[in-house]
Amino acid sequence: MRVNGKTAAPGAETSGDGYLPAHGNGGYRVRHYDLDLDYRIGPNRLSATAVLTCEATQALSRLTLDFGEFRVSRVLVEGKPAKYVRRGLKLQVKPARSIPAGTEFEVEIRYAGNPKPVGSRWGDIGWDELTDGALVASQPVGAPSWFPCNDHPADKASYRIAVATSSPYLVAATGNLVSRYQSASTTKWVFERPEPTSTYLMSVQIGRYEDLELSDGAWVPELTADRSGGVVQRAAVPPRLRRAFARDFGRQGRMMDALEDWFGPYPFGEYVVVVTDDDLDDPIEAQGMAIFGANHVDGKRTHERLVVHELAHQWFGNSLTVADWQHIWLNEGFATYTEWLWSERSGGESAEALARAWYARVRAKPADVTIGDPGVARMFDERVYKRGGLTLHALRGEIGDPAFFALVKAWAVENRHAAVTTEEFVSLAESYAGRSLREFFAAWLERVELPPL
């Protein structure tokens, strides 16, 4: 079929990502997601409607979405019924009429079922039940566990999320809370995420949490007084952990000040910390949010490095999102190096001492990972994190503090809410160094041998 002189064809069912090509699709981009969710906690039952505002990048006879194992009851394209078929974790949608290239169009999907995580080489990822509530932890492929999407980090969109659930539970979602309505035993929470956001960074957290806000260095419940300025920092915490949380996260306001000093303005409207009443293996970053397990809170600041690590991801990983997963060291290397910078700023070990210690530990391990392209099996290898941090520390030594800190701030500010690559970072670093750094970055990112620090 030809549309406006061009032959319409099905959009690709793969993203072209070298690591995770099965997630993501071609032929269109999503500009906005409108998600209306009704969740019943006891039976773990989700009924939902998703409306995707998309733009066709080709003359499109069919498009494909990443989507979990839900029962789909209706699909509309531009308000008209569309044919659809399920093939694994893909939903193929054939509109009544082909869509011309460059056209904006809406896809509406009504669905229901019991949400469950997506299986992956890293375990089960996505929407998961807690002992009393639910959480979403989607990195890198868990978004289809709760909404139909184009699941690739470079396809960033804005969002509106409405969540209706039992009134005794607090809902925190990755967005600014714009309204809350209570009706009988149910409360509907509505959030908006205006900044371009990757699917894996969207999250919903549901639990019996106390709502706290950071004010003058203290965590206080449901602050209603006028704020003195600065980033709104909120928390959802089990009441039993409030006192320990207040100590463990007591320096978060100072962390925010330090990171804004190093990396420029905080890139979102607010920052929300959620502590689940269950233990979690690792903390999880989401857009404008970080999620910790009860085991990360002990009242002794044992895990404070994780607090600053997840906060750093708001700049590196969330605002600046990798264009594809090969570049993951840009997320984890920056977050790791921020741990070392914070240690030095807060009176702990210096960044130099921590770099030397980690250099010795990395050198003692097999030299078999190139962090600039670690491969899908090594995406989350500890060496990607620590050697990434070492790369930045070595770069700081190579170009000097003034150029280094000017570079990292420019990197965060100039690429705010964009998808980024290693090549772009190297090019910017060379502009601040005033010379070629190709050999430097080749040694640190492209070779398995660890270069001198």
Side-chain angles (χ1 to χ4, degrees), residues 37 39-46 114-118 120 122-140 142-143 145-146 161 163 165-175 177 187 189 191 200-214 219 221-222 233-250 252 270-311 313-314 317-318 335 380:
L37 314 176
Y39 182 63
R40 298 184 181 183
I41 295 168
N44 182 39
R45 179 72 176 177
L46 180 64
N114 302 109
K116 63 180 182 180
V118 172
S120 76
W122 305 282
D124 292 339
I125 300 171
W127 187 293
D128 208 353
E129 293 181 87
L130 295 170
T131 301
D132 189 17
L135 67 75
V136 173
S138 290
Q139 188 179 18
S145 68
W146 62 289
I161 303 176
V163 183
T165 196
S166 178
S167 292
Y169 292 82
L170 182 146
V171 174
T174 41
L177 179 64
T187 300
W189 308 67
F191 303 83
Y200 84 90
L201 291 169
M202 294 305 297
S203 186
V204 173
Q205 308 293 321
I206 302 172
R208 296 180 187 267
Y209 299 130
E210 185 173 8
D211 184 15
L212 304 176
E213 185 166 333
L214 185 63
W219 290 96
E222 298 181 355
Q233 300 177 65
R234 304 189 67 84
V237 181
R240 71 180 180 90
L241 295 175
R242 179 182 170 185
R243 179 171 295 184
F245 171 84
R247 173 161 176 77
D248 289 352
F249 288 75
Q252 184 178 285
E270 66 177 21
Y271 182 54
V272 178
V273 172
V274 178
V275 178
T276 69
D277 214 0
D278 293 21
D279 290 353
L280 300 179
D281 291 339
D282 298 293
I284 307 146
E285 75 266 18
Q287 196 88 319
M289 176 184 287
I291 303 97
F292 296 80
N295 52 311
H296 300 126
V297 176
D298 61 7
K300 302 175 183 177
R301 291 184 178 157
T302 301
H303 303 288
E304 189 173 74
R305 73 169 188 85
L306 300 178
V307 177
V308 74
H309 183 104
E310 299 308 320
L311 179 56
H313 272 312
Q314 301 307 319
N318 298 7
F380 301 110

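Heads up: numbering here begins at 1 and tracks the sequence. Keep in mind it's a predicted model, so treat the numbers as computed, not measured.
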Indicate yes or no: at least one non-hydrogen side-chain atom of [X] is less than 4.5 angstrom from one of [Y].
{"X": "I125", "Y": "P140", "result": "yes"}
{"X": "V237", "Y": "Y209", "result": "no"}
{"X": "P283", "Y": "H296", "result": "yes"}

Would you give the length of the straight line joining atom [atom1] of [X] to atom [atom2] of [Y], rounded to the nearest 0.5 angstrom?
{"X": "F249", "Y": "R301", "atom1": "CZ", "atom2": "CZ", "answer": "11.0 Å"}
{"X": "I161", "Y": "L177", "atom1": "CD1", "atom2": "CG", "answer": "11.5 Å"}
{"X": "K116", "Y": "E129", "atom1": "NZ", "atom2": "CD", "answer": "12.0 Å"}
{"X": "L135", "Y": "I291", "atom1": "CG", "atom2": "CD1", "answer": "7.5 Å"}
{"X": "Y200", "Y": "I284", "atom1": "OH", "atom2": "CD1", "answer": "13.0 Å"}
{"X": "Q139", "Y": "D282", "atom1": "CD", "atom2": "CG", "answer": "10.5 Å"}

*Could you please spell out the steps behind the side-chain contact (heavy atoms from CB on, under 4.5 Å) verdict for W189 and L170?*
CA-CA 9 Å; W189 308 67; L170 182 146; 4.0 Å; yes
Residues two or more places apart in sequence or in another chain: which of them pass side-chain hydrogen bond (donor to acceptor under 3.5 Å, both in side chains) with [X]?
{"X": "R208", "value": "D132, Y169"}
{"X": "D128", "value": "none"}
{"X": "T302", "value": "D298"}
{"X": "E210", "value": "R242"}

Using atom types as modelled, flag every donor-acceptor pair under 3.5 Å from a side chain in residues 39-46 to any protein atom, sequence neighbours excluded.
from	atom 1	to	atom 2	distance (Å)
Y39	OH	N44	OD1	2.6
N44	ND2	P115	O	3.0

*Dump the intermediate steps for side-chain contact (heavy atoms from CB on, under 4.5 Å) on M202 and V136, then the final yes or no.*
CA-CA 8 Å; M202 294 305 297; V136 173; over 6 Å; no
*Using a cut-off of 6.0 Å, state whether more than 12 heavy atoms not belonging to D279 lie near its atom CG.*
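Yes.
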*asked:* Show, in sequence, the C-alpha distance, side-chain angles and deciding distance for F191 and V171, and conclude whether the side-chain contact (heavy atoms from CB on, under 4.5 Å) test is met.
replied: CA-CA 10 Å; F191 303 83; V171 174; 3.9 Å; yes
Under 3.5 Å, is there a donor-acceptor pair between the side chain of [X] and the main chain of [Y]?
{"X": "D211", "Y": "A236", "value": "no"}
{"X": "D124", "Y": "P117", "value": "no"}
{"X": "W146", "Y": "V204", "value": "no"}

*Can T174 and S203 be counted as having a side-chain donor-acceptor contact under 3.5 angstrom?*
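No donor-acceptor contact under 3.5 Å links the two side chains.
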Exercise: identify the closest heavy-atom pair between [X] and [Y]:
{"X": "A235", "Y": "F245", "answer": "CB-CZ, 3.5 Å"}
{"X": "G126", "Y": "S145", "answer": "CA-OG, 3.3 Å"}
{"X": "V275", "Y": "V297", "answer": "CG1-CG2, 3.9 Å"}

*If you measure from the Lys or Arg side-chain nitrogens to the Asp or Glu carboxylate oxygens, is any gap between R240 and D277 under 4.0 Å?*
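Salt bridge between R240 and D277, a charged N being under 4.0 Å from a carboxylate O: yes.
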_Among residues at least two apart in sequence or on other chains, which ones pass side-chain contact (heavy atoms from CB on, under 4.5 Å) with N318?_
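N318 satisfies side-chain contact (heavy atoms from CB on, under 4.5 Å) with L201, F268, E285, Q287, H313, Q314 only.
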*For F380 and W122, what are the C-alpha separation, side-chain angles and deciding distance, and is it a ring pair (Phe, Tyr, Trp, His ring centres under 6.0 Å)?*
CA-CA 9 Å; F380 301 110; W122 305 282; 5.5 Å; yes
*Could you give me the CA-CA distance, side-chain angles and deciding distance for F292 and D248, then say whether side-chain contact (heavy atoms from CB on, under 4.5 Å) is met?*
CA-CA 12 Å; F292 296 80; D248 289 352; over 6 Å; no
*asked:* Exactly one of R234, Q233, Q252, E310 should register a side-chain contact (heavy atoms from CB on, under 4.5 Å) with V273. Which one does?
replied: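 Answer after filtering R234, Q233, Q252, E310: Q252.
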